[in-house]
Number of protein chains: 4
Amino acid sequence: MTVPRGLSCRDSAQAPKAEYADATIRVRYAETDQMGVVYHGNYFVWFEVGRVEYCRQAGVDYKRMESEDDSFIVVVEASCRYRRPARYDDLLTVRTRLTESRRRTIRFAYEIFRQDSGEQLATGETLHVICDRLGQPKSLPEKYRPYFRAMPPEASGDTTKATKR
Amino acid sequence: MTVPRGLSCRDSAQAPKAEYADATIRVRYAETDQMGVVYHGNYFVWFEVGRVEYCRQAGVDYKRMESEDDSFIVVVEASCRYRRPARYDDLLTVRTRLTESRRRTIRFAYEIFRQDSGEQLATGETLHVICDRLGQPKSLPEKYRPYFRAMPPEASGDTTKATKR
Amino acid sequence: MTVPRGLSCRDSAQAPKAEYADATIRVRYAETDQMGVVYHGNYFVWFEVGRVEYCRQAGVDYKRMESEDDSFIVVVEASCRYRRPARYDDLLTVRTRLTESRRRTIRFAYEIFRQDSGEQLATGETLHVICDRLGQPKSLPEKYRPYFRAMPPEASGDTTKATKR
Amino acid sequence: MTVPRGLSCRDSAQAPKAEYADATIRVRYAETDQMGVVYHGNYFVWFEVGRVEYCRQAGVDYKRMESEDDSFIVVVEASCRYRRPARYDDLLTVRTRLTESRRRTIRFAYEIFRQDSGEQLATGETLHVICDRLGQPKSLPEKYRPYFRAMPPEASGDTTKATKR
């Protein structure tokens, strides 16, 4: 299968081989609340940072995917399980996997852990529908397909071990 | 059963009879993103507004519950399903129900709809553990029990009609 | 002077007579930080809530001003002085005045006070340029002029007294 | 002058020599609004990221300054001038200078520019009072003095060139 080259995709030879992408987050003061820990709603912002990083490492420029190919990755479901609190100034990793990829929907899974201790703080998932500028569902353009190939969880190794460094 | 009166509870005679509490939200410009709709992470902030309103209407002053009774309602799970986008300046209702109440955990369900059309925009759920200031799980203090009695979904009437789906 | 009627303006007979507009804010948990008070950046979001309310009371539907008249009120300067902290669940008033109005720029002044005590918490100012969708400065469309007539501070009475109720 | 060593300061020999500290920001989707650019309130969050980075590079662990020395750097004034919009996925630099340092107050100045073009997007300032946990003003503890020595603007070189305006 050949991959149509476009301004917003890298060469298919560079299509994602990695099973996940890692993004680093330094917790901001603004992200804490009066409980002294990070406000829970902010984890969804971090998931988005992870998702963007996943796309970038997979060779997709999401900015152009929106502006040039009129394809928006719209969130239709989001969930998070909070295990341990994140705190101001913590250095975190958001690890993002693409766990499902269909004609019109894609699913990402996330894991957030503290970089110093390796402790897992939270896990989550988002389900997305590809939409045009007006919010109408559409198929993911052909040229992006190779970049959004899901990695089934079972094939992606023992992630538990990976995060308990 | 008598309810110990406290500064942070209203008289037991005023314990919650309503099956849900409604809070009104006017969508802020700051809450939109470049897709032209509300950023999905903000729904969790609105759920929290709904939860606080539920507590208030149930007779619980959550502010005092934290400061005087060292009891924090910590989020351990949160999820949301997005059905239709909310837009800048929309007037919304967050309808909150307490769907489960145990010694150490409580669960809320949310429904967000547009006030003019009655369209349902999103539904969600949060699971909470009662913790002390240091984040250690604890039982919900006795005096708050009557105010956190769950209303099972089946007993809560036909809400579908109310939201005009 | 006649006012061209438009979908996004009310009749000129209803043009703003009031010297300010008040909006009510209930402080959200999400808006606090680990200092136990509201994070300072959120006051600018509240100023925006006040500004939108000012427009609404003046008869301008800002949503339509953007979508139908391609006129955006873009912030070019913003400042805030913080006097006393706002806290979770406080009920606040944002009082907004239009203090300057020129062909291409308008200036708003804000005052935030606690509704129960009348204490002033913060004051601020924003300067705006009218821009089109692409961010190019333009003149405020004629039909909006009557709705953006500034009220000079000296004419607007002793506001200090007003807030120390 | 000897510097009392503390857990939250580095050795005085490492006291700040640099005239400014740079922090990198990747613009998040959540930070944009429906105008298609970054919401203006978020610049104050970025200023805070810059301020924290300034402290870190100066040898001050602000987290410990709060928790161990009961000294909070509270914002009492904040202002920003917006020159060009920041956009989603832009890579930015927040350049932070300490421009004034007194017994109880310190002042920071900020400059935000795009890393690829060097274009300056915004400038700003914040004034702070040192407070204890209860919000009462206090003097900056002696041991932190050497780390908060202001660099007068005139002594800080030609920054204009650096930002390629």
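Labels below follow one simple rule: chain letters A, B, ... track the order of the sequence lines, proteins then strands, and each chain is numbered from 1.
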With D/E66, which residues qualify under salt bridge (Lys or Arg N to Asp or Glu O under 4.0 Å), at least two apart?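 By the salt bridge (Lys or Arg N to Asp or Glu O under 4.0 Å) rule, D/E66 matches no residue at all.
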
Quick one: salt bridge (Lys or Arg N to Asp or Glu O under 4.0 Å) partners of C/R102, sequence neighbours excluded?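 Expected list: C/E100.
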
Sorted by number, residues from residues 23-36 of chain C in contact with chain D (heavy atoms, under 4.5 Å):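 C/Q34, C/M35 fall under the 4.5 Å cut-off.
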
Counting only non-hydrogen atoms closer than 4.5 Å, can you tell me which residues of residues 40-50 of chain D sit against chain C?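 Listed by number: D/H40, D/G41, D/F44, D/V45, D/E48.
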
With a cut-off of 6.0 Å (strictly less than), are more than 12 heavy atoms of other residues, nucleotides or ligands near CZ of C/R81?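 Count not over threshold, so no.
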
